[in-house]
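Here is the naming used below: chain letters follow the sequence lines, and residue numbers restart at 1 for every chain. Just so it is clear, the structure is predicted and the values come from calculations on it, not from any experiment.
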Protein chains: 2
Amino acid sequence: MSDVAAAAGVSKATAARALGDYGAVSDAVRDRVLGAADRLGYRPNALAKTMSTGRSNTLGIVVGDIENPFFAQATRGAADVAAAAGFDLILSNSDEDLETEAKAIGVQLAKRVDGLLVAAASSVETQNLRTVIDAGRPLVLFDRTAQGVEADSVIAANRSGARELTSLLVDAGHRQIAFISTTTHPADAFARTDVLPTSSVAERVEGFLDAMTAGGIEHPERHVHLNARREGVERMATRLLTGADPVTAIVASDSLIALGVFRAARELGLQIPRDLSLVAFDDADWTGVATPGITVMAQPIHEIGAEAAELLIRRVRGDGRPPVTRVLKQHLIERESVAPPSR
Amino acid sequence: MSDVAAAAGVSKATAARALGDYGAVSDAVRDRVLGAADRLGYRPNALAKTMSTGRSNTLGIVVGDIENPFFAQATRGAADVAAAAGFDLILSNSDEDLETEAKAIGVQLAKRVDGLLVAAASSVETQNLRTVIDAGRPLVLFDRTAQGVEADSVIAANRSGARELTSLLVDAGHRQIAFISTTTHPADAFARTDVLPTSSVAERVEGFLDAMTAGGIEHPERHVHLNARREGVERMATRLLTGADPVTAIVASDSLIALGVFRAARELGLQIPRDLSLVAFDDADWTGVATPGITVMAQPIHEIGAEAAELLIRRVRGDGRPPVTRVLKQHLIERESVAPPSR
DNA sequence: GTGAAAGCGCTAACAT
DNA sequence: ATGTTAGCGCTTTCAC
């Protein structure tokens with residue numbers, strides 16, 4: 001920049017005003033500066049700007065895994081809102097692991113992002129989130145809330161969604177219904193939802209239990225199967241489908257899990273919905289073209305990301321109102337994967 | 001940092017050495033500094049560091065659309081390699097638009113990324129890419145090469161892949177075979193591959209033409225249909241499937257296009273493969289669970305991203321060898337979507 | 001082994 | 001309208 005200033009025969013300050021389009025500059029000078037900048041191939045240094053202004057016009061986003069279509073869509077929603085407001089995004093994957101998440105957040109903070117969007121790896125162990133708040137950076141949680149963390153969050157109505165999805169199965173006459181999630185949990189099966197690391201899953205479990213209970217099924221918590229990542233979704237599904245008291249219906253906590261279940265069923269030669277009824281969260285591509293089509297609870301994924309980014313930008317701009325939790329509606333897409341049990 | 005230095009009773013320089021783990025510091029001092037930093041909740045400022053060292057330990061990546069599973073996977077591959085080497089990623093979507101891409105690249109450059117990974121919106125109009133090179137930043141292209149740009153690239157063997165995929169159709173006896181791509185082109189149908197904006201698609205078109213010609217089909221270029229985004233993939237497929245001389249087989253340039261074709265066929269009540277044979281690039285989730293399964297040419301997508309990141313990091317570290325183009329193998333996954341034409 | 005001081009490229013008073 | 005100057009938080013000579 002000082003080269004440009006020299007070439008234009010003005011001071012650095014004036015060049016900065018012309019280049020940065022602020023303060024008062026005469027037209028003649030502006031032209032000269034811009035001309036010189038162009039001639040010299042001037043490239044602004046956003047870091048230096050951040051150093052002196054304290055603002056980076058950058059948002060950070062921490063997702064579980066960008067390859068998961070859910071996160072890809074939410075990220076896109078956030079990126080669009082951010083771009084429209086003149087912010088860019090630094091992306092990190094947490095792999096749903098607290099340590100990895102801590103590192104990611106550390107990096108983003110060191111890079112002086114103006115605010116952070118995070119799908120918390122844990123809704124219970126919130127140290128990483130506190131770090132953000134302690135650093136004085138606005139934080140918006142999406143997909144999951146976190147206990148006792150003073151931050152906005154944008155989530156979907158998971159409990160009612162799960163209830164509705166499960167009722168479909170109960171009403172069709174199923175009693176042996178399994179809820180499958182990859183979320184980790186100290187015990188293999190469900191114990192207490194408030195210790196489940198992912199609040200969205202906890203809510204789905206609650207909705208599942210609600211519907212099971214309403215259907216008069218005893219000990220519904222015995223039907224909740226977590227830690228599917230450890231065992232492998234297909235393996236777990238196979239086990240549940242071929243055990244002593246085989247399940248006749250499955251609620252998959254997300255579309256990736258549903259895909260594993262679908263494959264396992266096919267591998268076992270089981271027909272959906274004749275031998276197995278299957279419902280899931282998220283209207284992934286494949287659920288519509290698989291045969292039969294899978295009945296799903298669709299979430300407004302883009303909106304989750306977009307809304308989160310909007311809230312964050314508002315905070316970055318100084319909104320000091322108390323934290324809010326926005327709950328977005330889910331909606332059911334009925335296809336052909338539910339039928340009465342055959343046995 | 002100067003607070004920490006003061007609290008530890010040392011100079012800023014010494015505190016920096018202890019905190020930054022470089023230079024020579026006595027154990028006693030290091031402990032005191034680290035202790036003070038901890039107590040004061042010191043957070044390093046990566047920007048300031050970049051300002052003085054000139055290195056940001058950040059890579060930029062520009063993709064067409066992070067929601068596209070291809071880019072999500074490639075991004076993940078790159079992110080993993082980057083993270084392992086201590087780099088983080090700034091992500092931008094170009095929407096396959098040159099202006100948006102220019103902005104994205106401008107931002108990344110201003111943020112002083114150490115290098116840039118880009119899936120060029122155009123392999124022909126390479127001004128945006130030159131900008132990167134002129135700024136003296138290492139550039140690695142992935143998925144697509146760019147004419148006359150001195151940069152490494154990592155691509156897949158698209159021409160041979162397309163040839164193989166098309167041959168399946170030709171060998172099954174098809175003559176009315178359409179190649180569909182969303183890539184834009186001045187003319188509606190194919191004219192010259194060297195003006196196609198996306199080199200990967202250009203190569204696929206060439207492979208398609210190779211196989212068509214080898215199969216003795218005249219004017220194969222009349223079978224290439226571009227600009228599908230403008231018309232809409234489903235609409236175009238419907239048109240091709242119901243016109244005067246309806247096609248009996250389709251080569252979809254990517255899995256998103258194949259999905260549109262699949263839906264259009266179903267809408268029309270057409271059975272695959274009886275009424276329509278369909279092959280596509282990329283082993284997307286749905287292609288394996290749709291009925292029938294879709295025969296695809298799988299690309300090593302993760303590797304494309306990972307390899308690109310590796311090359312880039314090597315360049316960032318000073319590797320000055322002439323640019324290389326890495327061509328990764330594709331592999332065929334035969335499923336049930338190909339059969340002889342029924343008419 | 002430690003400290004003083006300059007400098008990275010920009011912005012923001014303040015003065016003129 | 002324009003210039004001067006200090007300073008953002010760090011690294012890096014260069015002394016000591």
Along DNA chain C (nearest heavy atom to each residue), the more 5'-positioned of Lys49(A) and Thr53(B):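 Going by which nucleotide is closer to the 5' end, it is Thr53(B).
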Position toward the 5' end of DNA chain C (nearest nucleotide), Leu47(A) or Ala13(A):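 Looking at DNA chain C, the more 5' nearest nucleotide goes with Leu47(A).
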Find the distance [X]:[atom1] to [N]:[atom2] and express it as a whole number of Å.
{"X": "Met1(B)", "N": "dC8(C)", "atom1": "CE", "atom2": "P", "result": "18 Å"}
{"X": "Arg17(B)", "N": "dT2(C)", "atom1": "CZ", "atom2": "P", "result": "8 Å"}
{"X": "Met51(A)", "N": "dT11(C)", "atom1": "CE", "atom2": "C1'", "result": "12 Å"}
{"X": "Asn45(A)", "N": "dG7(C)", "atom1": "CG", "atom2": "P", "result": "18 Å"}
{"X": "Lys12(B)", "N": "dA4(C)", "atom1": "NZ", "atom2": "P", "result": "10 Å"}
{"X": "Arg112(B)", "N": "dG9(C)", "atom1": "CZ", "atom2": "P", "result": "8 Å"}

Which atom pairs, one a donor and one an acceptor, fall under 3.5 Å between side chains of residues 35-49 of chain B and the rest of the protein, sequence neighbours left out?
| from | atom 1 | to | atom 2 | distance (Å) |
| --- | --- | --- | --- | --- |
| Asn45(B) | OD1 | Leu47(B) | N | 2.8 |
| Asn45(B) | OD1 | Ala48(B) | N | 3.0 |

Under 3.5 Å donor-acceptor, Asp97(A) side chain and Glu99(A) backbone: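 At least one qualifying donor-acceptor pair exists.
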NZ/NE/NH1/NH2 to OD/OE distance under 4.0 Å, Lys111(B) and Asp88(A):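 So Lys111(B) pairs with Asp88(A) through a salt bridge.
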Side-chain ion pair, Arg315(A) and Asp319(A), N-O less than 4.0 Å: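 The answer is yes: the pair qualifies as a salt bridge.
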Donor + acceptor pair across side chains of Thr100(A), Ser94(A) (<3.5 Å):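 Result is no, nothing qualifies.
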Donor-acceptor side-chain pairing of Ser199(A) and Thr145(A) below 3.5 angstrom: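 Short answer, yes.
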Residue pair Leu19(B), Val33(B): steps toward the side-chain contact (heavy atoms from CB on, under 4.5 Å) verdict: CA-CA 7 Å; Leu19(B) 259 8; Val33(B) 172; 3.9 Å; yes
side-chain contact (heavy atoms from CB on, under 4.5 Å) partners of Ala308(A), counting only residues at least two apart: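 Partners of Ala308(A) by the side-chain contact (heavy atoms from CB on, under 4.5 Å) criterion, ordered by chain and then number, come out as Leu117(A), Val140(A), Phe142(A), Val154(A).
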Neighbour count >12 (heavy atoms, 6.0 Å) for atom CD, Gln147(B):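 Yes.
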Bending between helix ends of the helix from dG1(C)-dC16(D) to dT16(C)-dA1(D) [5 pairs per end, 10° resolution]: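 For the helix from dG1(C)-dC16(D) to dT16(C)-dA1(D), the axes at either end differ by 40°.
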Under the side chain to side chain donor-acceptor pair (under 3.5 Å) test, residues paired with Ser26(B) that sit two or more places apart: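 Here no residue qualifies.
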Residues touching DNA chain C, which here means a heavy atom under 4.0 Å, drawn from residues 25-36 of chain B: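 When residues 25-36 of chain B is checked for heavy atoms under 4.0 Å from DNA chain C, the hits, listed by number, are Val25(B), Ser26(B), Val29(B).
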Non-hydrogen atoms of Phe87(A) and Leu59(A) that approach each other most closely: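 Shortest heavy-atom contact: CD2-CD1, 3.4 Å.
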Nucleotide interval of DNA chain D bounded by contacts with chain A (heavy-atom cut-off, under 4.0 Å):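 First and last nucleotides in contact are dA1(D) to dG9(D).
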